[in-house]
Amino acid sequence: MSSTAFAPQLPATRSARPVRAVRPARPAPRAQGSLRLTRRGRLVVLVLGLVAMLALGVVLGSVSAASDESTAGQTETIRVQSGDTLWDIAAARAGSGESVQDVIDEIRSINHLSSGALMAGDQLEVPAAG
């Protein structure tokens with residue numbers, strides 16, 4: 001017997017389709033009215049927010065200053081004499097039952113004094129005598 005190589009026949013296959021390149025997926029469509037900010041846009045929104053907060057602070061500060069001025073009708077202007085101390089002035093202005101230290105604090109607040117040192121000839125706004 002002779003040995004003959006017999007190769008089995010494979011069934012005929014269809015030719016392969018060319019492979020298409022995969023495209024990236026499209027982003028989902030945005031809803032009407034939605035807004036997408038860039039880096040610059042976010043910076044602009046941040047700066048506008050800070051400016052708005054600053055403006056609000058200025059407005060509130062001016063309201064506070066206006067309320068401080070409302071006490072101006074209840075004050076008198078005096079000239080500091082030689083030898084006057086803040087304690088003497090406050091004691092003369094303190095009403096009955098009112099602490100002299102509270103009056104000193106009020107005088108310092110009204111006149112924006114950082115210390116209790118006074119010079120002869122200075123003019124002070126003091127609460128009206130009570």
Side-chain angles (χ1 to χ4, degrees):
M1 280 229 188
S2 68
S3 88
T4 311
F6 184 81
Q9 287 276 335
L10 295 174
T13 59
R14 290 191 276 171
S15 64
R17 286 191 282 159
V19 177
R20 285 197 204 153
V22 177
R23 284 193 269 164
R26 290 184 185 164
R30 291 185 293 171
Q32 285 288 357
S34 67
L35 180 66
R36 186 172 166 204
L37 292 176
T38 62
R39 176 182 251 165
R40 182 181 293 172
R42 287 189 299 265
L43 180 64
V44 167
V45 169
L46 174 70
V47 168
L48 288 176
L50 292 174
V51 168
M53 289 174 54
L54 178 66
L56 181 64
V58 167
V59 168
L60 292 177
S62 66
V63 168
S64 174
S67 68
D68 287 346
E69 291 172 4
S70 67
T71 62
Q74 303 166 356
T75 63
E76 298 173 8
T77 303
I78 64 165
R79 183 173 302 275
V80 176
Q81 301 298 319
S82 179
D84 282 350
T85 65
L86 199 51
W87 184 272
D88 296 334
I89 295 170
R93 299 291 171 174
S96 64
E98 190 174 13
S99 167
V100 175
Q101 185 60 50
D102 290 341
V103 177
I104 289 173
D105 292 339
E106 187 176 358
I107 292 172
R108 288 178 67 179
S109 174
I110 292 171
N111 294 286
H112 308 289
L113 299 174
S114 58
S115 70
L118 300 176
M119 299 284 294
D122 286 346
Q123 289 191 351
L124 289 179
E125 291 289 323
V126 296

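Just so it is clear, the values below take in all heavy atoms, side chains as well, and ignore hydrogens, waters and symmetry mates.
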Taking ILVMFWY side chains as joined if any heavy atoms are under 4.5 angstrom apart, and letting links pass through other members, which residues group with Val44?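 Hydrophobic cluster check, Val44: joined to Leu48.
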
Distance from Asp105 atom CG to Leu113 atom CG, nearest 0.5 Å?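 So the CG of Asp105 and the CG of Leu113 are separated by 11.0 Å.
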
CD on Glu106 to CD on Gln74, rounded to 0.5 Å: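 Those atoms lie 8.5 Å apart.
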
Could you tell me which non-hydrogen atom of [X] sits nearest to which non-hydrogen atom of [Y], and how far apart they are?
X: Asn111; Y: Glu125; value: ND2-O, 2.7 Å
X: Val103; Y: Pro127; value: CG1-CG, 4.4 Å
X: Leu86; Y: Arg108; value: CD2-CG, 3.7 Å
X: Leu118; Y: Thr85; value: CD1-C, 3.9 Å

Should Asp84 and Ile78 count as side-chain neighbours, where that means a heavy-atom distance under 4.5 Å?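 With C-beta onward as the side chain, the pair stays apart.
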
In this structure, which one of Leu37, Thr38, Leu43 forms a side-chain contact (heavy atoms from CB on, under 4.5 Å) with Arg40?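 So, applying the side-chain contact (heavy atoms from CB on, under 4.5 Å) to Arg40 and each of Leu37, Thr38, Leu43, only Thr38 qualifies.
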
Indicate yes or no for a side-chain donor-acceptor contact from Arg79 to the backbone of Gly121 under 3.5 Å, with no hydrogens or angles considered.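 Answer holds: yes.
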
Would you call Glu76 and Arg93 a salt bridge, taking side-chain N to carboxylate O under 4.0 Å as the test?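 Looking at Glu76 and Arg93, the cut-off is met.
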
Under a single-linkage definition using a 4.5 Å side-chain heavy-atom cutoff for Ile, Leu, Val, Met, Phe, Trp and Tyr, are Ile110 and Val100 assigned to the same hydrophobic cluster?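 No, Ile110 and Val100 fall in different hydrophobic clusters.
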
